[in-house]
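Following: one structure in structure tokens, then a few remarks.
Read the numbers this way: they start at 1 and go in the same order the structure lists the ligands and their atoms.
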Amino acid sequence: MLPPGPKPRLRRLRKSPAIRALVRETALTPGDLIWPVFVMEGTDAEEPVASMPGVVRRTVNRVAQAAKEAEALGIPAICIFPYTALEARTEDCAMAWDPDNIANRAIRAVKDAAPDIAVMTDIALDPYNINGHDGFVRDGEILNDETVEALVKMALVQAECGADILGPSDMMDGRVAAIRHALEDAGHQKVSILSYTAKYASAFYGPFRDAVGASGALTGDKNTYQMDPANSDEAMRLVARDLAEGADMVMVKPGMPYLDICRRVKDAFGVPTFAYQVSGEYAMLKAAAANGWLDGDKVMMESLIAFKRAGCDGILTYFAPEAARALGA
Ligand code: PBG
């Protein structure tokens, strides 16, 4: 629709900060952010992740401190990812459903320290798998149904530890239904599922695999279970399937190269839709900013508002605390 008058002067509404504020279509607030944090063994320490400037791995007590920081900044949720030593990984991935594994200890510590922060988890076997894959591997094949049984065990233990939001990130078929049924049967009706629904086989996960120590472990690629970056209709089928199976919220991952998918999902389904601005996206912006090639603060905010404009309700982002601070929290 063109504005009335002799000339369509659309610049009239860009004239001043006040007018621009009045007609702004979307907003970003700290309440839109989920902060992914990496937890490692040890006591009261943290260490940098080389390929993700500003991101650290923290011991359990420091993750609890981070949760308090999130609370003070108005960030409603944190998502916990474990760093596991290569020698601790096995073919049977038994550590994945050990209530005392590092991720589960971190869930309990966060619920103790900051009970109002929602704790999100990651459900996939890769941090515990000698092969680095999200599922069990037999004769070079990533097994689906056997993996789903293991994911259910992981999910139940995480719920038992106090997780609020479970994040199956494995891309096995049928896992959302299996997890939902098991949660209901175990009395965890209030635990929600944010499914990594449209998760692409992406090279943008590279720095994350460094952060969790998986780079050396992975044999082959994840192309038989994660999505082909060329596909869009397939994402719609996956969303329909995950919602039918009981997912409360869905995710598109990576984020910025897949904003078209975010928009399609939101328009077609109108359900709570999240994007994961993944490690490689973060690393790109940080690296360019460190070189003085981009204004780091500005591209951070521009990249985040883009998710809201594309229809996302929230964003998982390593920028969460920095962005919340920039928003004046
Ligand atoms: C593993 C998992 C990955 C990420 C989140 N969960 C990596 C992968 O699938 O290989 C990537 C996150 C990021 O790159 O920031 N299940």
Side-chain angles (χ1 to χ4, degrees), residues 33-39 49-57 77-84 89 93 95-96 101-103 120-137 142 144 147-148 150-151 154-155 158 163 165-172 175-176 179 193-229 238 250-258 274-287 303-304 307 315-320:
L33 306 174
I34 299 177
W35 181 14
V37 295
F38 299 110
V39 58
V49 177
S51 50
M52 301 176 73
V55 170
V56 296
R57 304 182 189 106
I78 69 169
C79 184
I80 294 170
F81 291 99
Y83 171 83
T84 47
R89 297 161 188 236
C93 307
M95 210 204 311
N101 75 23
I102 188 88
M120 178 172 168
T121 65
D122 187 68
I123 301 182
L125 297 181
D126 57 329
Y128 312 100
N129 194 344
I130 188 107
N131 303 290
H133 277 289
D134 293 12
F136 292 124
V137 183
I142 319 304
N144 194 87
T147 299
V148 170
L151 299 173
M154 261 183 107
Q158 291 174 353
I165 305 168
L166 305 184
S169 70
D170 52 282
M171 289 296 279
M172 299 300 127
R175 89 274 207 221
V176 172
I179 291 170
I193 298 176
L194 168 42
S195 176
Y196 286 64
T197 297
K199 179 173 179 182
Y200 287 85
S202 173
F204 285 103
Y205 307 149
F208 173 93
R209 292 179 191 167
D210 286 344
V212 298
S215 308
L218 184 63
T219 50
D221 57 46
K222 299 191 175 183
N223 295 349
T224 65
Y225 48 106
Q226 297 181 347
M227 281 180 71
D228 183 336
L238 285 166
V250 296
M251 188 201 298
V252 175
K253 179 182 173 194
M256 210 147 72
Y258 297 87
F274 290 77
Y276 198 142
Q277 183 179 49
V278 300
S279 55
E281 299 175 63
Y282 175 88
M284 286 195 297
L285 298 183
K286 281 288 181 189
S303 68
L304 292 171
F307 292 108
I315 308 118
L316 287 96
T317 176
Y318 302 98
F319 285 120

Go through Y276 and I34 one step at a time and tell me if the side chain to side chain contact (heavy atoms under 4.5 Å, CB included) criterion holds.
CA-CA 9 Å; Y276 198 142; I34 299 177; over 6 Å; no
Would you mind telling me if ligand 1 is within reach of the side chain of [X], the backbone, both or neither, using heavy atoms under 4.0 Å?
{"X": "D134", "value": "side chain"}
{"X": "D122", "value": "side chain"}
{"X": "S279", "value": "both"}

Identify the closest protein heavy atom to [atom]: which residue and atom is it, and at what distance?
{"atom": "atom 8 (C) of ligand 1", "result": "K222 NZ, 3.3 Å"}
{"atom": "atom 1 (C) of ligand 1", "result": "D126 OD2, 2.8 Å"}
{"atom": "atom 15 (O) of ligand 1", "result": "Y318 OH, 2.6 Å"}
{"atom": "atom 12 (C) of ligand 1", "result": "F208 CD1, 3.3 Å"}
{"atom": "atom 16 (N) of ligand 1", "result": "S169 OG, 2.9 Å"}
{"atom": "atom 4 (C) of ligand 1", "result": "K253 NZ, 2.6 Å"}
{"atom": "atom 9 (O) of ligand 1", "result": "K199 NZ, 2.7 Å"}

Taking side-chain hydrogen bond (donor to acceptor under 3.5 Å, both in side chains) as the test, write out the residues that go with Y225, two or more places apart.
H133
Between Y196 and ligand 1, is there a nitrogen or oxygen pair with a distance under 3.5 Å?
no
Donor on one side chain, acceptor on other, E281 and S303, under 3.5 Å
no
List the steps, then state whether salt bridge (charged side-chain N to carboxylate O under 4.0 Å, His left out) holds for K199 with D170.
CA-CA 9 Å; K199 179 173 179 182; D170 52 282; over 6 Å; no
Only heavy atoms of R209, strictly under 4.0 Å: list the atoms of ligand 1 that pass.
8 (C), 10 (O)
Which ligand 1 atoms does A124 reach within 4.0 Å, using its non-hydrogen atoms?
16 (N)
Between ligand 1 and Y276, can you find any atom pair, the residue atom being a heavy atom, that is separated by under 4.0 Å?
yes
Distance in Å, D122 CG paired with I80 CD1, rounded so as to fall on 0.5 Å steps
11.0 Å
Interatomic distance, I179 atom CD1 to L166 atom CG [nearest 0.5 angstrom]:
6.5 Å
Whether Y258 side chain and Y200 backbone form a donor-acceptor pair below 3.5 Å:
no
Quick one: are the ring centres of F81 and F208 less than 6.0 Å apart?
yes
Among N223, T224, T219, which residue meets the side chain to side chain donor-acceptor pair (under 3.5 Å) test with D221?
N223
